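Just follow the structure's listing: the first ligand is 1, and inside any ligand the first atom is 1. Since we're looking at a predicted model, the values are computed, not measured.
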Amino acid sequence: MNWETLPNYGVLSDRAAEIFLEAILRNPRVVLGLPTGRTPVTMYERVVAACGRKYHCFSDVVTFNLDEYVGIERTHPGSYYTFMKQHLFKFIDIDPANANLPNGAAPDLDAECARYEREIAATGGLDLTFLGLGSNGHIAFNEPGTPFDSRTRVVTLTDSTRAANASLFPNGRVPTHAITMGIATILESKSIVLLASGEKKQAAIERLRSGEISEEFPASALWRHPDVTVLTA
Ligand code: GLP
């Protein structure tokens, strides 16, 4: 695991955006796994600033978001689809058909999870995936206790995760369930970059740094992957 400790959140975002943009330059057809949450917001801002529509950066890029709430339409203001549109997709030239999120409003959620896995596999798999870190060590919506061999599925969100995400959700009433990529799905990404910043993440960062691998601490699965960069500030 490659650790980079940056002086502050702005520099962390610069570094994350640099890795993001280099990946597109190296391979214009790169397949990216993308996170939501507060942590990646400035990374997306930097990517948009460097790579507005005129540069055609994203014309062949494929993206797969890590997760989406269940029971709301993608146009709902609290959906991760809306988040991605507001922070990235509306500013760049990505083909909407290449910007994938699970559909949390699908009538058959298990079929939707299977479809999402198939779509990822059909592109040849994730090349580079960015992750945030929950203060309880969750990655995407894989809460403590998630088996490391888990794949895309419907999960029940813990009260603490719902509370942590309430400020990003209009009216604060965060859905109780989500579709998330599993830990095994994430670990199949060729490279992974984890972003963690701020006081609230310090304990989780230290636990990750300790090297102890346990399903009670989902991020620790990343120790089993050969190409992980952790950016902390
Ligand atoms: C949510 C997301 C995760 C994200 C986490 C941390 O639970 N599903 O993917 O990493 O929040 O979010 P934040 O960056 O806002 O602290």
Side-chain angles (χ1 to χ4, degrees), residues 6 8-10 12-13 15-17 20 32-47 63-72 74 76 78-84 86-88 100-104 113 116 126 128-146 150 152-170 172-183 185-187 189 192-208 217-222 228-233:
L6 290 317
N8 56 53
Y9 172 66
L12 177 148
S13 304
R15 178 71 183 120
F20 194 122
L32 299 172
L34 297 182
T36 49
R38 281 154 287 233
T39 313
V41 165
T42 303
M43 170 184 79
Y44 289 137
E45 244 173 68
R46 305 284 206 262
V47 167
T63 65
F64 286 93
N65 267 77
L66 299 169
D67 43 21
E68 178 60 286
Y69 291 118
V70 159
I72 55 172
R74 65 181 202 168
H76 187 286
S79 74
Y80 283 166
Y81 174 86
T82 299
F83 175 99
M84 290 308 296
Q86 279 170 354
H87 292 284
L88 185 65
N100 300 280
L101 284 96
N103 176 9
C113 294
Y116 205 62
L126 300 167
L128 169 64
T129 297
F130 291 87
L131 299 174
L133 179 66
S135 40
N136 63 2
H138 74 230
I139 49 175
F141 271 136
N142 296 290
E143 299 281 22
T146 301
S150 53
T152 303
R153 69 204 184 288
V154 176
V155 291
T156 305
L157 301 177
T158 62
D159 290 344
S160 69
T161 292
R162 293 178 65 224
N165 286 308
S167 69
L168 288 180
F169 202 87
R173 285 167 47 204
V174 177
T176 53
H177 292 79
I179 294 178
T180 183
M181 280 188 202
I183 292 182
T185 319
I186 292 168
L187 289 182
S189 178
I192 296 174
V193 176
L194 179 100
L195 317 179
S197 170
E199 273 303 298
K200 286 189 183 146
K201 304 294 169 71
Q202 286 314 310
I205 292 168
E206 285 319 311
R207 188 159 174 196
L208 178 60
F217 190 70
S220 68
L222 299 174
V228 175
T229 300
V230 181
L231 305 183
T232 66

Judged by atom type as modelled, is there a donor-acceptor pair below 3.5 Å linking the side chain of S13 to the main-chain atoms of Y9? yes
Per-atom filter on ligand 1: closer than 4.0 angstrom to a heavy atom of F141 are 1 (C), 7 (O), 8 (N)
Between N142 and I186, does the side-chain contact (heavy atoms from CB on, under 4.5 Å) criterion hold? Intermediate values first, please. CA-CA 10 Å; N142 296 290; I186 292 168; 3.9 Å; yes
With a 4.0 Å cut-off on heavy atoms, is A140 in contact with ligand 1? yes
Using only atom types and a distance under 3.5 Å, with no angle test, would you say the side chain of E68 pairs donor to acceptor with the backbone of I179? no
Which label fits Y80 and F83: parallel for a plane angle under 30°, tilted from 30 to 60°, or perpendicular past 60°? perpendicular
Within the 6.0 Å centroid threshold, strictly below: H177 and F141: no
N or O contact, K201 vs ligand 1, cut-off under 3.5 Å: yes
List every atom of ligand 1 that sits less than 4.0 Å from any heavy atom of Y80, numbering the atoms from 1 in the order shown and giving each element. 1 (C), 2 (C), 8 (N)
CD/E199: more than 12 non-hydrogen atoms of other groups inside 6.0 Å: no
Look at the aromatic rings of H76 and F169 and report parallel, tilted or perpendicular, splitting at 30° and 60°. parallel
Has the side chain of T180 got a donor or acceptor atom that lies under 3.5 Å from a matching backbone atom of D67? no
T39 contact mode with ligand 1 (heavy-atom cut-off under 4.0 Å): both
Where on N165 is there a heavy atom closer than 4.0 Å to ligand 1, on the side chain, on the backbone, on both, or on neither? side chain
Option with minimal heavy-atom separation from atom 13 (P) of ligand 1, where the choices are H138, R162, E143, R38: R38
Is it true that K200 lies under 4.0 Å from ligand 1, counting heavy atoms only? no
Proximal atoms of ligand 1 relative to L133 (non-hydrogen, under 4.0 Å): 6 (C), 10 (O)
Select one of side chain, backbone, both or neither to describe which atoms of F130 lie under 4.0 Å from any atom of ligand 1, heavy atoms only. neither
Within a radius of less than 6.0 Å around CZ of R162, do more than 12 heavy atoms belonging to other residues, nucleotides or ligands occur? yes
Starting from atom 4 (C) of ligand 1, find the nearest protein heavy-atom neighbour and note its residue, name and distance. T36 O, 4.1 Å
I'd like to check which ligand 1 atoms, numbered from 1 as shown, lie under 4.0 Å from a non-hydrogen atom of G132. 10 (O)
Any idea which protein heavy atom is nearest atom 12 (O) of ligand 1, and the distance to it? G37 CA, 4.0 Å
For atom 8 (N) of ligand 1, what is the nearest protein heavy atom, given as residue, atom name and distance? D67 OD2, 2.8 Å
